[in-house]
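Below: the structure, in structure tokens.
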Amino acid sequence: MHDFEYIDDAAGLSTVVDAIEGAERIYLDTEFESRRGGTTLCLVQLTVGEAIYLIDTVAVRDISVLGPHLADMEWVLHAGRQDIALLMDACRLKKRPRLFDTQVAWGLCSAEHQVSLAYLLACVLDIRTEKGCQTDNWQARPLPEGQLVYAAEDVAFLPDLYDALQRRLEAVDRFTIVPQVCEEILNPPPAPPTPVSLGQFR
């Protein structure tokens with residue numbers, strides 16, 4: 001089990017800001033609930049490679065103080081399209097940061113494209129993780145210890161995974177193109193075209 005710090009107030013959030021200030025790269029994940037009324041960000045997991053912070057965004061509703069710091073960092077995530085959108089909104093960021101999506105990176109050095117984080121950790125690092133909390137309710141409070149441990153594991157191995165993928169990508173001369181490919185693949189889907197009315201057609 002990995003140690004983590006659970007953040008549920010403004011003072012704790014200030015601790016996170018101090019811990020990540022000046023870092024070049026941050027490893028991120030989120031937990032959220034999607035329902036008919038929309039998607040609610042419930043938890044943000046992050047680390048710069050040492051301490052793991054779990055930010056309860058149900059308790060700490062405004063995490064925009066992180067925005068100026070995250071804006072200048074490279075974000076490392078897995079299958080992060082929805083995470084990126086939620087984090088940018090919560091942190092009030094208008095410009096997308098430099099991205100390294102481990103799923104995209106794996107697709108550039110293998111024949112597989114859509115794989116789970118658990119599968120990737122097993123293939124690349126020979127690490128087996130428990131994925132039993134994926135469908136849990138992340139909006140209910142308090143969060144059980146098991147869910148928090150699960151959430152912490154989602155970022156705990158990302159630094160080692162990043163390093164291992166970097167070595168594989170450099171071996172095939174594709175490491176430098178990962179941010180560009182991530183930007184292209186992870187762009188939000190285009191808005192559906194406006195239907196043409198009979199009046200416009202005429």
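The shown structure was predicted, so the numbers you read here are calculated from the model rather than taken from an experiment. Hydrogens, waters and symmetry mates play no part in the numbers below; they use all other heavy atoms, side chains included.
- Note that the CG atom of D8 and the CG atom of L13 stand 10.5 Å from one another [nearest 0.5 Å].
- For the pair A71 and P97, the tightest heavy-atom approach, listed with the atom from each and the gap, is O-CB, 4.3 Å.
- Side-chain atoms of S64 do not come within 3.5 Å of backbone N or O of C91 as any donor-acceptor pair.
- Atoms CD1 and NE2, on I26 and H69 in that order, are 10.5 Å from each other to the nearest 0.5 Å.
- What you find for A122 and R128 is that their closest heavy atoms are O-NH1, 3.8 Å.
- Taken from CG in L121 to OG1 in T129, the straight-line distance is 5.5 Å, to the nearest 0.5 Å.
- At distances below 3.5 Å, not a single donor-acceptor pair connects side-chain atoms of T30 with backbone N or O atoms of L43.
- With hydrogens and angles ignored, the 3.5 Å screen pairs a side-chain donor or acceptor of Q45 with a backbone N or O of A151.
- For the atom pair CD1 (I52) and CD (E50), the distance works out to 11.0 Å, reported to the nearest 0.5 Å.
- With contacts defined as side-chain heavy-atom distances shorter than 4.5 Å, the pair N137/E33 qualifies.
- Here the shortest heavy-atom pairing between A51 and T47 reads O-OG1, 2.8 Å.
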Show me, pair by pair, the donor-acceptor contacts under 3.5 angstrom made by side chains of residues 164-177, not counting sequence neighbours?
from: Q166; atom 1: NE2; to: E170; atom 2: OE2; distance (Å): 3.1
from: R174; atom 1: NH1; to: L108; atom 2: O; distance (Å): 2.7

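- Under the 4.5 Å side-chain criterion, counting only non-hydrogen atoms from C-beta, L161 is in contact with L125.
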**Q.** side chain to side chain contact (heavy atoms under 4.5 Å, CB included) between E31 and D154, worked out
**A.** CA-CA 10 Å; E31 305 297 342; D154 275 347; 3.3 Å; yes
Q: Evaluate side chain to side chain contact (heavy atoms under 4.5 Å, CB included) for L70 paired with I20, printing each intermediate quantity in order.
A: CA-CA 9 Å; L70 296 182; I20 68 173; 4.1 Å; yes
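- Across all non-hydrogen atoms, the minimal contact from F100 to A105 is CZ-CB, 3.6 Å.
- F32 CZ to T40 OG1: the interatomic distance, rounded to the nearest 0.5 Å, is 10.5 Å.
- For M73 against A23, the heavy-atom pair with the smallest separation is CG-O, 3.3 Å.
- In the displayed structure, R61 atom CZ is contacted under 6.0 Å by at most 12 heavy atoms of other residues, nucleotides or ligands.
- Taking E74 as the reference, R25, R98 meet the salt bridge (charged side-chain N to carboxylate O under 4.0 Å, His left out) condition, with sequence neighbours excluded.
- Put simply, the side chain of L186 reaches to within 4.5 Å of the side chain of D101, judged on heavy atoms.
- Of the options D29, L158, L117, I84, a side-chain contact (heavy atoms from CB on, under 4.5 Å) to L77 is made by I84 and by none of the others.
- Remark: side-chain polar atoms of H78 are paired, donor with acceptor, to backbone N or O of V115 under 3.5 angstrom.
- Considering only heavy atoms from C-beta on, D62 comes within 4.5 Å of R92 through its side chain.
- A side-chain donor from one of E112 and Y119 sits under 3.5 Å from a side-chain acceptor of the other.
- Note that the CD1 atom of I7 and the CG atom of L54 stand 8.0 Å from one another [nearest 0.5 Å].
- L93 has its side chain out of reach of L87: every pair of non-hydrogen atoms, C-beta onward, lies at least 4.5 Å apart.
- Partners of Y6 according to the ring-ring contact (aromatic ring centres under 6.0 Å, His included) rule, which considers only residues two or more places apart in sequence or in another chain, do not exist here.
- Residues Q139 and R35 meet the side-chain proximity criterion, which asks for heavy atoms closer than 4.5 Å.
- The closest side-chain heavy-atom distance from I55 to L66 is below 4.5 Å.
- T57 approaches C42 most closely through the heavy-atom pair OG1-C, 2.9 Å.
- Side chains of W138 and V58 form no contact here, defined as non-hydrogen atoms less than 4.5 Å apart.
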Q) What's the verdict on side chain to side chain contact (heavy atoms under 4.5 Å, CB included) for D83 and W75, showing C-alpha distance, side-chain angles and the deciding distance? A) CA-CA 11 Å; D83 301 308; W75 293 10; over 6 Å; no
